[in-house]
Amino acid sequence: MAVNYVNPLPKLCPKALLESAFEPMTLTQNPPTVRQQTGRTVGKSYQALVVMLAVSAALIGGIGTRLAYLQLVEGPYNRQLADDNRVRLIPRQPERGRILDRKGRTLAGSRLSYAVFLWPIANRQANWQPIVKRLSSILNIPEANIQKRLEQAGYSSPELLRIARGLSPAQVTALAEFSQQMPGVQVQAEAVRYYPNGDLAAHVLGYTGELSDEDLEQKRDQGYRLGDVVGQMGVESAFERQLRGQWGGQQVEVDGMGHVLRVLGEKTARAGSTVTLTLDLDLQQAAETVLGDRRGAIVALDPRNGAVLAMVSRPAFDPNLFSTYITDAQWQELQGKSYPFVNRALQGYPPASTFKIVTTTAALESGRYSPSTALRTRPYIEVGGIKFWDWNNAGFGTLDFRGAMAWSSDTFFYQTAMGMGHEPLIQWTRRYGFGRKTGIELSDEESAGLVPDPDWKRENLDEEWFIGDTINMSIGQGYMQASPLQVAAMFAVPANGGDLVRPHLLKDQEEARSWRTPVGLSPSTLRILRDGLRRVVAGGTGKVMNTPDLPPNAGKTGTAEDPPRKSHAWYGGYAPFDNPEIVVVAFIENSAEGGGGKVAAPMVKQVLETYFNKTQPSRESAPQSGVVSD
Amino acid sequence: MSRRIRNSANHRRRPSPAAVEPTAGLRPVPPIIEPPQPSDRPSRSPVVPWESTPVDSWAMEARMLRWLTFLWLGLGLAVLFSASYAIADADFGNGLYYMQRQIFFGVLGLLGFSLLVSTPLRFVLGVADWLMLICLGLILLTLLPGFGTTVNGASRWLAIGPLPILQPSELIKPFLVLQGARIFGRWDRLSWNVRLTWLGIFGLLLASILLQPNLSTTALCGMLLWLMALAAGLPWRYLGGTAIAGMGAAILSVSLRDYQRDRIISFLDPWADPAQNGYQLIQSLLAVGSGGLTGKGFGLSQQKLFYLPIHYTDFIFAVYAEEFGFLGGLLLLLLLGAFAVLGLRVALKAKSPIHKLVAIGVVVLLVGQSLLNIGVATGALPTTGLPFPFFSYGGSSIIASLVSAALLVRVARESSSATVVSFARERGFGGDRRSSPPAPPKRPRKSLGSKSL
């Protein structure tokens with residue numbers, strides 16, 4: 001029978017195989033052994049079979065138990081997890097509240113734009129590599145950035161992760177073309193912040209941007225999430241809570257590829273509240289135009305309630321840049337400007353001669369001088385061997401307070417300062433609101449300025465207070481620092497009859513509107529201040545303001561020395577003189593064109609013209625030559 | 001030969017005294033019973049010309065195993081249809097892409113099945129060594145750069161010209177069973193020369209599969225050989241030694257290959273790394289678990305919609321469990337259990353140790369592999385790449401599975417022929433078909449089972 005084993009190919013076998021594999025040929029020679037051995041094998045195999053049956057039964061039983069555990073005991077839980085697999089929450093970003101000017105014109109809104117989202121769980125980590133590479137080339141974002149975002153969210157995150165906003169149509173097309181090769185990448189329309197007026201009021205409005213990693217850590221418990229957009233500056237930041245709104249979401253059912261099959265539920269996002277500002281778009285526009293490309297600031301204020309009608313700071317930036325991904329080139333260009341993100345209206349500078357309002361007040365209220373006081377002005381006065389010159393190096397003869405204000409005679413005020421001493425001056429400086437924040441909502445960006453006093457000087461400069469310090473301070477120089485907004489608030493005091501107001505940006509903020517604190521001026525002091533300021537325009541350093549196009553107005557020029565750089569130019573004024581509605585302060589940092597009367601006053605004039613005559617200044621006409629230099 | 005089988009089987013099915021004339025084998029007795037006419041046998045094999053025995057005259061085990069195989073195959077095709085449609089539609093734009101190929105190989109396998117159940121086992125055994133060596137050669141070929149098709153980091157596939165891709169490590173399984181049976185079934189009568197030669201070949205086979213790398217198939221083949229050796233009654237010291245050596249090799253492989261180690265670690269706690277190493281297992285557990293008691297219904301699996309990777313091959317059980325639930329899982333286990341019991345019964349009844357071992361090997365191959373696969377899908381075992389016989393997509397797998405099942409059915413058929421004589425003697429006992437302790441009385445050497453000895 002062994003013949004059956006004869007293989008048709010024995011000749012091809014290696015010798016060993018031939019001899020071994022076909023052994024049966026020789027085996028049959030030994031039948032008795034065969035039978036015996038077979039018996040033994042069979043007998044053993046019963047045991048083995050029993051063992052195998054037992055093992056099979058145990059295996060089947062074990063698997064049955066495992067199935068029961070997975071499907072019955074943990075079944076509902078597993079089903080829930082599996083449902084989570086296909087049910088995805090697409091967060092819906094709330095539309096950010098709009099920012100309007102006082103007349104309801106849009107300063108900041110939203111527009112639809114396309115954003116790229118990644119769904120991290122859709123791919124395994126290794127499979128993201130080529131996708132990220134392609135995305136990087138389409139979106140012009142470094143690969144590392146995308147990679148980092150993915151790692152932050154976690155590769156198993158089922159939540160959509162936005163990696164780019166504000167796509168161009170070409171980018172949207174490119175992404176759609178490659179969508180087959182890029183599973184887990186989605187393009188969705190979403191609202192992005194839009195500032196229709198470009199860089200207009202950029203510093204007041206601020207900008208929005210995605211939460212930084214550090215901020216996210218702090219704000220996570222407030223409901224912020226990765227990639228959330230927050231106000232980063234200005235009103236956007238100050239009124240974040242009102243503007244932000246509430247996240248909504250869409251529960252959608254998706255297949256494993258991430259395609260939405262149907263919408264299961266929707267929680268609508270609650271849009272942020274509209275914030276109406278006190279700004280007047282026309283006035284703001286005029287102020288922006290007249291300031292032009294100079295470094296500086298213009299602030300317009302309603303002296304009756306502190307409402308900020310315009311606030312310009314230059315250089316500025318286009319906040320729209322930050323609504324989407326800002327490129328390196330754009331960032332470099334911004335950085336090339338001189339601190340474009342600093343709101344100069346809120347930064348401290350020497351207020352120069354505009355400060356003479358405070359000096360006049362202090363001198364009169366100190367009781368050392370009466371409204372009828374007249375002093376002889378000189379080319380200079382010498383104190384402790386130092387000559388303090390009048391600005392024209394000649395003096396103006398004998399002047400009373402009104403005349404001194406009109407001509408901005410430095411030596412007049414030097415003498416009053418020496419006469420009253422530093423204490424009343426410092427006290428009244430504080431009363432006018434200097435040295436502390438005005439209370440405007442942009443307090444994060446506001447500088448308190450500086451009111452120097454002997455303690456401060458000892459502490460910071462380790463020097464005694466000299467009379468020269470009082471003299472410098474009396475003309476708003478030396479260590480004195482005041483922001484254009486503080487200066488505007490100062491002008492509001494004589495304008496509104498002696499009250500300090502709280503500058504504010506939120507239009508319907510009744511508390512701020514009604515907040516008025518009397519500075520404590522006696523009526524005679526107030527009268528002298530008003531007359532003096534009026535005479536500046538009527539026949540003093542601010543004659544450029546004396547124009548038939550404007551109602552009678554009052555103001556004060558100022559030129560702050562900033563050696564070795566050029567001087568800062570100031571002009572603050574209000575109109576109409578008899579019933580003031582508006583205070584405008586213009587400040588030009590290191591003005592190359594001249595002092596306050598020459599550069600700053602014409603700017604204020606044009607802003608006031610816009611306010612009263614509804615005309616817009618043209619860019620060319622911006623600064624007119626002042627008749628009198630400060 | 002075949003007439004003998006036919007007649008004896010006939011007698012068992014209709015145990016009327018007249019039909020069990022001992023002389024039936026020599027000459028039919030027309031007057032007593034209707035002669036078995038060809039027209040009465042519609043189920044005569046259509047593909048195997050020399051097969052003259054109708055299926056319904058086969059031994060009970062053979063018939064039941066045959067139908068269980070068909071049931072298993074049909075169920076598997078249905079599950080594969082559900083599991084593969086979506087992904088085939090997504091990948092190839094043809095939802096039936098995988099089904100068409102599976103059916104093609106299924107038909108091919110069924111042809112082989114019919115051929116094998118009608119072919120005396122000794123013929124197949126006679127060429128088993130050569131077929132196994134050819135498959136081994138193909139496996140070695142996959143290791144050569146340029147021949148092996150690498151999928152997921154493992155070179156398990158061979159593309160032969162225009163032919164579809166071939167997985168020799170699957171195809172070799174039935175021949176490994178046959179050759180293992182030949183060696184271990186006659187262990188005591190083989191010289192050490194022969195024993196060591198074949199053990200060396202088996203070792204080479206395992207090593208080459210391991211190098212593909214394919215740890216799970218290596219482990220399955222190793223366990224298969226070991227269990228067959230155990231059933232053959234090899235000395236315990238050999239078995240213990242190889243078991244330890246096998247474990248050592250497995251540990252070595254795992255410690256050398258990061259991906260295998262990661263899989264085992266992630267199997268212990270898949271949630272530790274849910275997006276990477278644990279992803280497959282978690283998705284499988286979710287699929288199985290969300291099936292609940294009665295399942296989501298045929299075709300309604302969610303996880304097959306691209307959440308669960310390779311759900312139409314190695315993890316097809318997860319889709320089945322999701323669609324048919326715990327009850328479906330129990331029924332499938334029942335099918336496996338029935339197959340195992342029948343297979344082991346066949347092994348018990350088989351006269352020849354070689355046949356016993358073939359039966360045991362096939363049971364281990366089909367049922368054991370299924371259980372391992374289910375264990376993987378349910379997270380009871382580390383994630384490995386074993387296909388589920390008759391369920392998983394794969395031409396080589398389905399052909400190998402059908403060939404294996406055919407071998408078992410053939411063993412069942414041939415075992416029963418050995419009992420005919422004893423039944424004839426014990427006809428008074430009705431259905432008792434166990435072989436009686438005394439040796440078959442008259443023509444034991446002529447029965448097919450003993451011939452191969």
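Labels below follow one simple rule: chain letters A, B, ... track the order of the sequence lines, proteins then strands, and each chain is numbered from 1.
When A:Leu72, A:Leu59, A:Val73 are compared by the number of non-hydrogen pairs under 4.5 Å with chain B, A:Leu72 comes out ahead. By number of non-hydrogen pairs under 4.5 angstrom with chain A, the leading residue of B:Leu372, B:Val364, B:Leu333 is B:Leu333. Heavy-atom pairs under 4.5 Å with chain A were tallied for B:Ser370, B:Ala86, B:Gly375, B:Gly379; the largest tally goes to B:Gly379.
Heavy atoms of B:Val288 lying under 4.5 Å from chain A belong to its backbone as well as its side chain. With a threshold of 4.5 angstrom between heavy atoms, B:Val363 does not approach chain A through any atom at all.
Counting heavy-atom neighbours within 6.0 Å of A:Tyr114 OH, excluding the residue itself, gives a total of 12 or less.
Taken to the nearest 0.5 Å, the CG atom of B:Leu285 stands 9.0 Å off from the CD atom of A:Glu74. Note that CG of B:Leu371 is 7.0 Å distant from OG of A:Ser56, once rounded to the nearest 0.5 Å.
A:Leu67 places none of its side-chain heavy atoms less than 4.5 Å from the side chain of B:Leu330.
In this structure, A:Gln71 contributes its side chain and B:Gly289 its backbone to no donor-acceptor pair below 3.5 Å.
The two atoms that bring B:Thr378 and A:Leu70 nearest to each other are O-CD1, 3.6 Å, heavy atoms only.
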